[in-house]
Amino acid sequence: MEEKYSPKNIENKWQTKWDKEKSFKVSEDPSLKKYYLLEMFPYPSGRIHMGHVRNYSIGDVIGRFKRMQGFNVLHPMGWDAFGMPAENAAIQHKTHPAKWTKENIDYMRGQLKRMGFSYDWDRELATCDVSYYKWEQRIFIEMYKKGLAYKKSSFVNWCPSCETVLANEQVEEGCCWRCDSVVEQKELEQWFFKITEYADELLEYTEKLPGWPERVMVMQRNWIGKSYGCEIDFPLEKGNGAIKVFTTRQDTVFGATFMSLAAEHPLATTLVTDENCKNVDEFIKKVKSTDKARRTADDFEKEGVFTGSYAINPATGLKIPVYLANFVLMDYGTGAVMAVPTHDQRDFEFAKKYNLSLTVVIQPEGKALDSAFMKEAYTEPGVLVNSGEFDGLESTLAKEKIADWLQKNGKGKKTINYRLRDWGISRQRYWGDPIPIIYCEKCGAVPVPEKDLPVLLPMDVEFTGEGGSPLAKVESFVNVTCPLCNSPARRETDTMDTFVESSWYFMRYCSPDYTDAPLDKKRVQYWMSVDQYIGGIEHAVMHLLYARFFTKVLRDLGYVDVDEPFTNLLTQGMVIKDGSKMSKSKGNVVDPNFLIDKYGADTARLFSLFAAPPEKDLDWNDQGVEGSSRFLNRFWKLVYESLRFMKTGEKLDTSAITEEGKILRRQVHKTIKKVTEDIDSRFHFNTAIAAIMELMNSVQLFAAKNRPENRAVLKEALESILLMLYPFVPHFSEELWEELGHGGGIEKAGWPKWDSSATVDEELIVVVQVNGKLRGKVVVAADAGEEDVKNAAFGDEKIQGAVDGKTPKKVIYVPGKLLNIVV
RNA sequence: GCCCGGGUGGCGGAAUUGGUAGACGCAAGGGACUUAAAAUCCCUCGGUCGCAAGGCCGUGCCGGUUCGAUUCCGGCCCCGGGCACCA
């Protein structure tokens, strides 16, 4: 055994062994309890960063711990490999996205292996491989046939100079992130997944996932945004039509004195009268050229324009003007609002600006509002007035009554509205999964027949960064014949959002090599659901909601039997340095390669787990890493020195050990208990490591005395520490385990169990308070009763001084812990 | 504006069910070893008063409940995050 700990050789040795022997390869075994452990797979951006190190270190601790406990642990890794950075790199470096991505994957795989993570590499997948994305096309077609994938036109961010759609994230202060042109709203035909069909079930399950952090559930609930209200028809003054509105405040319908439509509302252009034509046109143009970010800013001025037309308030029968307003959103509700200026702040401001009439219909208890003197809208509950037969009703009650009345008289109906919108998946990008649809002039949109799948992404493509999607310019790809009528037809050139790939990869891992279907139901059945999922909080809504949606869709398509993909979710915090998130632009990144070279992977892992509990942000500190490194060096030295006089095979004889030995054993077994509980039920790795450090400090003192009769105790202590350290620092522990004379690998030894009898204290320290203030401690026998503790306390000189001859009014005794004397 | 987190030494953090506040680690100071440095080892380390024993104060602020509050309740301040003309 080397005298000094040198991580390089050791880590290399064990990594080679794990790789060669496929140590973490698993298969379905019904006789074993399965545990599916998953960390969010990375985008192959080039190299791993500290966020990955942290995420995967957390996962690896759980994986190795569960394996030691005898679970059949599925722990896969793969690559979320489609996406824009590859395309941008292709443009910049004159390379191909496929080449760039593959090189990155190869490099990053090497980095993950150097960290010693225990993955079943035989299950590795990359979403840009045909063997993956072709199945997604099949799922798409099955969704299309069920009406879960459909096409509709919608408004999107459009950069006129790049000729492409931009995601909301790519619009910076109203301008294109790449060329700085002003971004417009453009109406385009887009593919959607009908996630709204599952809105209720998705919402319902946010109450049934006890293993998820409450804040993630809250964020998803807010995102789905279910609200109960009414759809009410406001007949047009002229003609037969009506304007449909959605409202949650049907109790105020008698106060609706005008209407506001979104600029994109289909009626906006048909309702306009000749004399208002010019104003309305200008207004619509202005709204459409304003990007969403600016439109929704705090200080954005409410503006509108009169169409010249009128509608009839179905409650009052009065004629009310129809306006277009810039704050009404086409994609929420019906895109039209009944405006009640007295009880809605936006309508109030709008009415004041355009001099529209106000009618109070809700009076606060004990007050009388006068619309002439109102400074702001009154939005609280109250009692109805000016509301015909509903006058005098309390407003919450009136909500019900008016909804019933509207429904009965055919003026409207009760309805539920969601904030959640269908998921737009079309991207005018090359590096993604082609949407398997063909457009025929006669037959319309035709799904690519199964025998023609997959639609391969063509490789001979030029990347200029100009003129829209590169895919649309590949003639051989675009020009096809219709599968139904054989006429010339065009292929869809949009690709799917990369979030589609990450919505089902965790199921593909269960049968990654299956060639008959996306999933092998039997194998998926064994592994699903994921027992523990780990990843960043930034995915709280998008990815985690899409994945839940997809699981339900695949269930309904007959592929799986589970309702929810992830039983338990752990959202880890960010890695912070010098007060801000590590990022290239801030110049505060720490390169994992540098850490591995300088300290070894084990030290890097240990520190990232020790510095903070997983769900909190981790403050990176270079000197803190030194501390973790020091700990491993000290422990190495301790084992090295102990080995010189320790015999292998020495049996522990508990009757022969000294008092000191007993005390150390007690700490060993208490530590095993604490570390087990910290890892298993709390994921508090930082306190688990702290407890091991404490134990090592004691062992060090103990070993220094070198009493021959205590050697078996020392051996037990050292081995226990190694077993407990293994999930954190696997190479280090494997190496020393072998040095201590064990073959066959440390995992086989199993997770240590604590001996309850060894943890029992012989003496107890009971804290003594006088009037709730700490005044002393007494040592009593472990089996001492309340009387014994009282006697000891009152016999104590310090306590006597504190009591100062006064008569105790009350004495509170917390068994084995505390005695409080109240005087 | 609404909804979540969070606020503890010089720093990261601990205190799991209302019961010893500050575990463990970092930094700092002092010492040992060394020609010297690094490494390593030992001691001190919330504030304050005191020669000491010991006392008093202290978990963002104010108040409450309790024998006892970092922990529970009410009100406020600050920081971080999410959502947001959502009708």
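Fair warning: this is a prediction, and the values are worked out from it, not measured in the lab.
Judged by closest nucleotide on RNA chain B, Arg419(A) is the one of Asp347(A) and Arg419(A) placed further toward the 5' end. Mapping Tyr332(A) and Lys4(A) onto RNA chain B by nearest heavy atom places Lys4(A) at the nucleotide closer to the 5' end.
When distances run from any side-chain atom of Arg421(A) to the nucleotides rC86(B), rG25(B), rC26(B), the shortest one goes to rC86(B). Of the listed nucleotides (rA15(B), rC85(B), rC86(B)), rC85(B) has the atom at the smallest distance from the side chain of Lys302(A).
Judged purely by atom type and a 3.5 angstrom limit, Arg419(A) uses its side chain to pair as donor or acceptor with the backbone of Trp223(A). Using modelled atom types, one side-chain atom of His343(A) and one backbone atom of Val361(A) make a donor-acceptor pair closer than 3.5 Å.
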Close N/O contacts between protein and nucleotides 40-45 of chain B (under 3.5 Å):
unit_1, atom_1, unit_2, atom_2, d
rC41(B), OP1, Arg634(A), NE, 3.4

List, with names and distances, any nitrogen or oxygen atoms from the protein found under 3.5 Å away from nitrogen or oxygen atoms belonging to nucleotides 19-23 of chain B.
unit_1, atom_1, unit_2, atom_2, d
rG19(B), N2, Gln769(A), OE1, 3.3
rG19(B), N2, Asn820(A), ND2, 3.4
rU20(B), O2, Lys777(A), NZ, 3.0
rA23(B), O2', Glu694(A), OE1, 3.1
rA23(B), O2', Glu694(A), OE2, 3.2

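Between Phe732(A) and Tyr5(A), the angle of the ring planes goes over 60°, which puts this pair in the perpendicular group of the 30/60° scheme. Between Phe350(A) and Tyr354(A), the ring planes lie tilted relative to each other; the angle falls in the 30° to 60° range.
The CG-C1' distance, from Asn222(A) to rG1(B), rounds to 14 Å in whole Å. The distance from atom OH of Tyr418(A) to atom P of rA87(B) is 14 Å, rounded to the nearest whole Å. For the pair Lys616(A) NZ and rG81(B) C1', the interatomic distance rounds to 15 Å; values are reported in whole Å. Distance, Asp796(A) CG to rA53(B) C1': 15 Å, rounded to whole Å. Distance, Gln623(A) CD to rG10(B) P: 18 Å, rounded to whole Å. If you measure from atom CD of Gln220(A) to atom C1' of rC83(B), you get 14 Å, rounded to the nearest angstrom. One atom, OH of Tyr599(A), and another, P of rA39(B), lie 11 Å apart when rounded to the nearest Å. For the pair Arg775(A) CZ and rC56(B) P, the computed distance is 5 Å after rounding to whole Å.
Base-pair partner of rU20(B): not found among the strands shown (Watson-Crick or G-U wobble, both distances under 3.5 Å). Remark: rC56(B) base-pairs with rG47(B); criterion is Watson-Crick or G-U wobble with both hydrogen-bond distances under 3.5 Å. Within the shown strands, rG82(B) is the pairing partner of rC2(B) under the Watson-Crick or G-U definition, both distances less than 3.5 Å. Across the strands present, rC33(B) finds no partner; the criterion is a Watson-Crick or G-U wobble pair with both atom distances under 3.5 angstrom. The nucleotide rC61(B) finds its pairing partner in rG75(B), both defining distances of the Watson-Crick or G-U wobble pair being shorter than 3.5 Å.
Arg346(A) comes within 4.0 angstrom of a nucleotide base, judged by non-hydrogen atoms across all strands.
Salt bridge status for Glu615(A) with Arg215(A): absent, with no side-chain N to carboxylate O gap under 4.0 Å. Here Glu231(A) does not pair with Lys414(A) in a salt bridge; the nearest charged N to carboxylate O distance is not below 4.0 Å.
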Quiz prompt | Trace of the ring-ring contact (aromatic ring centres under 6.0 Å, His included) decision for Phe499(A) with Trp423(A) | solution = CA-CA 10 Å; Phe499(A) 275 104; Trp423(A) 173 14; 7.3 Å; no
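Base orientation of rG82(B): anti, since the glycosidic angle falls outside 90° of 0.
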